[in-house]
Every structure is written in structure tokens, then in C-alpha cells.
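Below: one structure, written as C-alpha cells.
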Amino acid sequence: MQILKSFTDAGTGTSSGVAMSNRERERFFFYMAMMMKTGQPTADSLKAVAKAFKAEGRDDISNALMGLGQRVAQGRSLSQAMLAERRMFSDIHRAAILAGEASNNMQKSFEVLRILEEKKILSARAGAAEMLTPLLMLVLSLVSVFNTGLNTLPVMAKLREAQGKPLGMIPEGIMNVTAFAADFWYVFVALVLIAITVFASLVSNPQGRTVLHALQLQVPGYGKFLAYRTYTQMLLYFPYLLASGVRPKQLIPIMETLSTNVVIRRRIDQFNHVITTGGKLSEAMRRAGFPELVVTPVSVSENYAPTSGNTNDVLIEGLQHAHGILDRMLSDTHKQFVAIFSATLWILGGAVMMLDMLSIVMSQA
């Protein structure tokens, strides 16, 4: 199937550089799903949605969507045409469109993308609301401590020295730390620049990205979250692709597009090898790193013969159930992270503020 070839070689030209917010992207996917539901051609749908954004005053987005419509009208698939707008659409969005093109169900793809964007908006809103206030408190507390350590405490230290009284341990410690940071600020700047340089060098070459991505997967908690998020995105499209007659081998381009981590992408080669050599889907998914809670229903469904049609409804149901479990796990993990990080910021901010107050009190005692 030609549409399932890798679409990174489409040659669609340079990106227009137009950015799109999550809210605008969610609205775009909603409009496109409506157009697909009414049976409108893709090119005409893009032009109609472009007019809607133009009416809202977003001429840049309107022009970009008009360009997409022209490319589609010239014979390119939408997934190929979207490569020219990398700031508007990520690899995840293009993979979803590719899945819709493969299954001949573009409406489903746009509906899924709209739901994902809506979840992203709600998640970002909740995370920002819970972490912004304690983060600002911590920053302001640090600023207050530095002001106290550099300006207030030295004056109080001289007064106590004139009175023949020793300065307390807490105010003296704060004064020494802030003085050291003020005198050797360039050391901290140098460390930050070195860290940025090392990170950039790792990202800029394939071997470095492999090392960096391998380290990401080894981080406790985060590595498992990253892998499960990738597999959850794959499972979002697998059921309706397989139900539409797409064969397991034809899923590989979509899996590779969704695998932004180089190490996970290399696991897809194992999936390809097993499927190519005639192996079972469950074994291929196990080799690709899918968790056992996903592999188990696939393995069970392989022993089931559908009584009517060619669709293995047990396999589809198992994949959908596995996706629901992983999605809930990821949601719960995100909520726990936000709660723990927010509580940590509150504690750190309160501790710094308390130290600031104690240093002033103890310098006056």
C-alpha cells in the first residue's frame, strides 16, 4: 500500500514557520472532522477551514491551510503535505493522518486528534495552575534571601561585632552562601553553558541522540512513562486500522513515526523482523517492548477464529481495553507527578522563607 510508505521524503518544500496554539489546533481538527463527516474532499475541506480562520483574523494560519489544500489538490496525500508545516503539526499529528489514510477513515483520525488536543489543553491548564503559584513563591523567597544575605545581614553582623556578640549560625551561613554566589556567579553561568553545550552536542548527532535517549529510558519513573506513552499512542490507532483491513506489517511506518525515542524506534525493527519472518503479532509486540498487559490479550485473540467476516473482534476489543488501561495509568502518573512536584515546591518555598525570617530574628536577638 503506497500510502503506508514513509512520508519523510515527500519533498514538500520549506516550512512557512506558522505557529498554531493548542486551542486553534483543536478547532482545526474539529472543523476537519465535520467536513469529513459531510463527505467533503480533503482539499476543499482545507480551503473551507482556511476561510474560517481568515474570518477570525488569523491570516497566517489561513494562508498555510490554503497551501496545504493546494498541495493535496495537486495529488499529494495530506500526511505528505503536512510536512511543509512542521510548526503547526508534529509527527504525532501526521501519524494519525497517515493512519486515517491507510484505513480510509479520515473522520476518525481527526476526531482522535481533537480529543488528544483537548486532553493536552486540560492537562497543561491543571499542571500550570497547581505548580505556578508554589514556583513563584520559591523564586520570590530566594530573591528575598539573597537580598537579606547581601544587604541586611552584613549590617547586622557589624552591629553585633561592635557589641561583642557572635552572629548566629543560620544568619552567618546565609550570608556566606549568598556572598559566595555573588562573588563567583560566573562559575554557575559557565556550568549552565557547559551543560547546554553538552546537550546540544548529543542532540546534533545520531550516536549522541542514542546515548541521550537511552539515558532517558533509564531514569526511574520517567523512562517507563516515556515508553508507555509511546505505546499508548500506537494502541490508539491499531484497533481501527486492523479493523479496516490493514495488515500488521503495514503498521510499521506509523509505529516508526510515533517513536520519537531512537531506542524505542530500534525496537520496531524487531517487530518488523518477527512479522516479516512469519511470526505472530503477539511475539512481534513483545519484541518491540510492549508491556505484557498489551501482549496478553493479543496472544489470546490469536487462537480465536471470527465466526463472520475477516475482522478478529476479540483482537480489536483486547487492544482497545489495553489502550484504556495504559491511558489511565499515564493519566494517574501525570497527576501524581504534578501533586508531588507542587508539594515539593511549596515545602522548599516555605523552608526558604522560614530561613529568611529566622536569619533576621537571630541577627537581632
Y237 meets the ring pair (Phe, Tyr, Trp, His ring centres under 6.0 Å) criterion, sequence neighbours left out, with none
Next on the checklist: Just by distance, no angles: are the side chains of Q107 and E111 close enough, under 3.5 Å, to form a donor-acceptor pair?
Outcome noted: yes
Greater than 12 external heavy atoms within 6.0 Å of N104's CG: no
Smallest heavy-atom separation, V263 atom then N261 atom, equals N-OD1, 2.9 Å
Quiz item: Does a side-chain heavy-atom distance below 4.5 Å link I97 with F89?
Solution: no
CG of L258 to CZ of R229, rounded to nearest 0.5 Å, is 11.0 Å
Item to check | Side chains of V211 and Q216 in contact at under 4.5 Å (non-hydrogen atoms) | outcome: no
Measure the shortest side-chain to side-chain distance between L217 and I264 over non-hydrogen atoms and say whether it is less than 4.5 angstrom.
yes
Keeping E302 on the side-chain end and L281 on the backbone end, is there a donor-acceptor pair under 3.5 Å? yes
With sequence neighbours left out, the residues meeting ring pair (Phe, Tyr, Trp, His ring centres under 6.0 Å) with F180 are F184
Distance-only check: which donor-acceptor pairs under 3.5 Å involve side-chain atoms of residues 319-333, not counting sequence neighbours?
unit_1: D327; atom_1: OD2; unit_2: K119; atom_2: NZ; d: 3.1
unit_1: T333; atom_1: OG1; unit_2: M329; atom_2: O; d: 2.8

*Is any side-chain heavy atom of M20 less than 4.5 Å from a side-chain heavy atom of R87?*
no
**Message:** Are V139 and I347 linked, directly or through intermediate hydrophobic residues, by side-chain heavy-atom contacts shorter than 4.5 Å (ILVMFWY only)?
**Reply:** no
Side-chain ion pair, R27 and E56, N-O less than 4.0 Å | yes
Query raised in the report: Using 4.0 Å as the upper bound for N to carboxylate O, is an ion pair formed by R267 and D269?
Result: no
Tightest non-hydrogen contact, residues S301 and V314, listed as CB-CG1, 3.7 Å
With a 4.5 Å heavy-atom cut-off, do M137 and L345 have their side chains touching? no
d(K249 NZ, N272 CG) to nearest 0.5 Å is 4.0 Å
Output for pair (R209 CZ, S201 OG), nearest 0.5 Å, gives 11.5 Å
Polar contact flag, side-chain donor to acceptor under 3.5 angstrom, S62-K51 = no
- Item | D60 vs R58, side-chain contact (heavy atoms from CB on, under 4.5 Å): CA-CA, chis, key distance, verdict | CA-CA 5 Å; D60 51 348; R58 290 307 308 268; 2.8 Å; yes
- Query: Are the side chain of S90 and the backbone of R86 linked by a donor-acceptor contact shorter than 3.5 Å?
  - Reply: no
### Query
Between R286 and E292, is there a salt bridge with N-O shorter than 4.0 Å?
yes
Review point. Between the side chain of H213 and the main-chain N/O of V262, is any donor-acceptor distance below 3.5 Å?
Key: yes
| Do any N or O atoms from the side chain of T277 and from the backbone of V274 form a donor-acceptor pair under 3.5 angstrom? | yes
* Asked: Judged by atom type as modelled, is there a donor-acceptor pair below 3.5 Å linking the side chain of E26 to the main-chain atoms of I115?
  -> no
One should read off an interatomic distance between M66 CE and D59 CG, to the nearest 0.5 angstrom, of 10.5 Å
How far apart are the C-alpha atoms of V145 and T148, what are their side-chain angles, what is the distance that settles it, and do they pass the side-chain contact (heavy atoms from CB on, under 4.5 Å) test? CA-CA 5 Å; V145 165; T148 301; 5.6 Å; no
| Is a donor on one side and an acceptor on the other found under 3.5 Å between the side chain of R94 and the backbone of S79? | no
Taking side chain as C-beta onward, heavy atoms only, is I268 less than 4.5 Å from M234? yes
Sequence neighbours excluded, the answer for ring pair (Phe, Tyr, Trp, His ring centres under 6.0 Å) partners of F29 is H93
Check: residues 35-46 side-chain donor-acceptor pairs under 3.5 Å, at least two apart:
unit_1: T38; atom_1: OG1; unit_2: M34; atom_2: O; d: 3.3
unit_1: T38; atom_1: OG1; unit_2: M35; atom_2: O; d: 2.8
unit_1: S45; atom_1: OG; unit_2: P41; atom_2: O; d: 2.8

Treat each ILVMFWY residue as a node, draw an edge where side-chain heavy atoms are under 4.5 Å apart, and state whether V352 and M131 are in one component. yes
Here the pair of heavy atoms bringing L78 nearest to E101 is N-OE2, 3.0 Å
Any heavy-atom pair between the side chains of S77 and V72 that's under 4.5 Å? no
* Sub-3.5 Å donor-acceptor pair from the side chain of S342 to the main-chain atoms of A339, do we have one? -> no
> Is it the case that one hydrophobic cluster holds both L116 and F30, taking links as side-chain heavy atoms less than 4.5 Å apart, direct or via other members?
Replying inline: yes
Residues at least two apart in sequence or cross-chain that pass ring pair (Phe, Tyr, Trp, His ring centres under 6.0 Å) with F290, listed by chain then number, are Y231
Smallest heavy-atom separation, M362 atom then G168 atom, equals CE-CA, 4.4 Å
Between the CG atom in N147 and the CG atom in D356, the distance rounded to the nearest 0.5 Å is 8.5 Å
Given side-chain contact (heavy atoms from CB on, under 4.5 Å), test F188 with V192 step by step and report yes or no. CA-CA 6 Å; F188 298 100; V192 172; 5.6 Å; no
inquiry  = With a sphere of 6.0 Å drawn around CZ of F225, does it hold more than 12 non-hydrogen atoms of other residues, nucleotides or ligands?
reply    = yes
Here the pair of heavy atoms bringing A288 nearest to F271 is CB-CB, 4.0 Å
Can any side-chain N or O of E24 pair as donor or acceptor with the backbone N or O of S21 at less than 3.5 Å?
yes
Taking NZ, NE, NH1 and NH2 as the nitrogens, is one of them in E256 or R265 under 4.0 Å from a carboxylate oxygen of the other?
no
Verify the cluster assignment for I194 and L212: are they in a single hydrophobic cluster under the rule of side-chain heavy atoms below 4.5 Å apart? yes
Here the gap from K108 atom NZ to L113 atom CG, rounded to the nearest 0.5 Å, amounts to 11.0 Å
Exercise. Begin from the C-alpha positions of F28 and F53 and carry the test side-chain contact (heavy atoms from CB on, under 4.5 Å) through to its verdict.
Key: CA-CA 9 Å; F28 167 74; F53 276 98; 4.1 Å; yes
Of all heavy-atom pairs linking G149 and P154, the shortest is O-CD, 3.4 Å
Self-check item: Short side-chain to backbone donor-acceptor contact, S359 and P171, under 3.5 Å
Solution: no
Common cluster, L138/M354, ILVMFWY with side-chain heavy-atom separation under 4.5 Å:
yes
